[in-house]
Amino acid sequence: MTDDTTLTARERLRTHLREAYRTTNSPIVEAQLQAALDAWNDLPPTSLWECPVCGKVGLPERIQQHNCR
């Protein structure tokens, strides 16, 4: 599995949903998880942000954490 520190919140959510779907034995839970994955797939892409200091563009959580100061 990928190191969680390199994933965005959206990527972590999708990973957890897929893993839960893969490991469930309940058809009811499987249907709910499939619906959640379908809803996740329908989400609009995350807008990119630009760092006001250095101009780097990227995902909001990565721009907030990068070191340019």
Side-chain angles (χ1 to χ4, degrees):
M1 188 166 177
T2 306
D3 178 13
D4 273 355
T5 61
T6 63
L7 298 176
T8 66
R10 287 173 71 130
E11 291 167 334
R12 284 192 312 274
L13 173 61
R14 186 165 190 263
T15 297
H16 290 299
L17 287 171
R18 286 182 13 196
E19 187 62 17
Y21 178 82
R22 187 183 71 77
T23 59
T24 188
N25 292 323
S26 167
I28 294 170
V29 172
E30 185 177 301
Q32 289 296 316
L33 289 168
Q34 184 60 57
L37 284 165
D38 291 344
W40 186 91
N41 287 329
D42 291 341
L43 290 173
T46 302
S47 299
L48 299 178
W49 284 7
E50 182 177 346
C51 175
V53 177
C54 70
K56 182 175 181 173
V57 176
L59 295 171
E61 56 267 37
R62 292 189 178 150
I63 292 297
Q64 289 173 345
Q65 295 176 359
H66 86 285
N67 297 318
C68 68
R69 293 173 173 55

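Of all the heavy atoms in Ile63 and Trp49, the pair that sits closest is CG1-O, 3.7 Å. What you find for Leu7 and Arg12 is that their closest heavy atoms are O-NH1, 2.9 Å. The minimum heavy-atom distance between Pro60 and Ser47, with the atom names listed, is CD-O, 3.4 Å. For the pair His66 and Cys54, the tightest heavy-atom approach, listed with the atom from each and the gap, is NE2-SG, 3.4 Å. Taking both residues in full, the closest heavy atoms of Arg10 and Pro45 are given as NH1-C, 4.2 Å, listed atom of the first, atom of the second, then distance.
Put simply, CG on Leu59 and CD on Gln64 are 10.5 Å apart, with the number rounded to the nearest 0.5 Å. To the nearest 0.5 Å, atom CH2 of residue Trp40 and atom CG of residue Leu13 are 8.0 Å apart.
The salt bridge (Lys or Arg N to Asp or Glu O under 4.0 Å) contacts involving residues 20-39 comprise Glu19-Arg22, where partners must be two or more places apart or lie in separate chains.
Side-chain heavy atoms closer than 4.5 Å link hydrophobic residues (I, L, V, M, F, W, Y) into clusters, and following such links, possibly through other members, connects Leu43 to Tyr21.
Thr24 places no side-chain N or O within donor-acceptor distance of the main-chain N or O of Ala20, the cut-off being under 3.5 Å.
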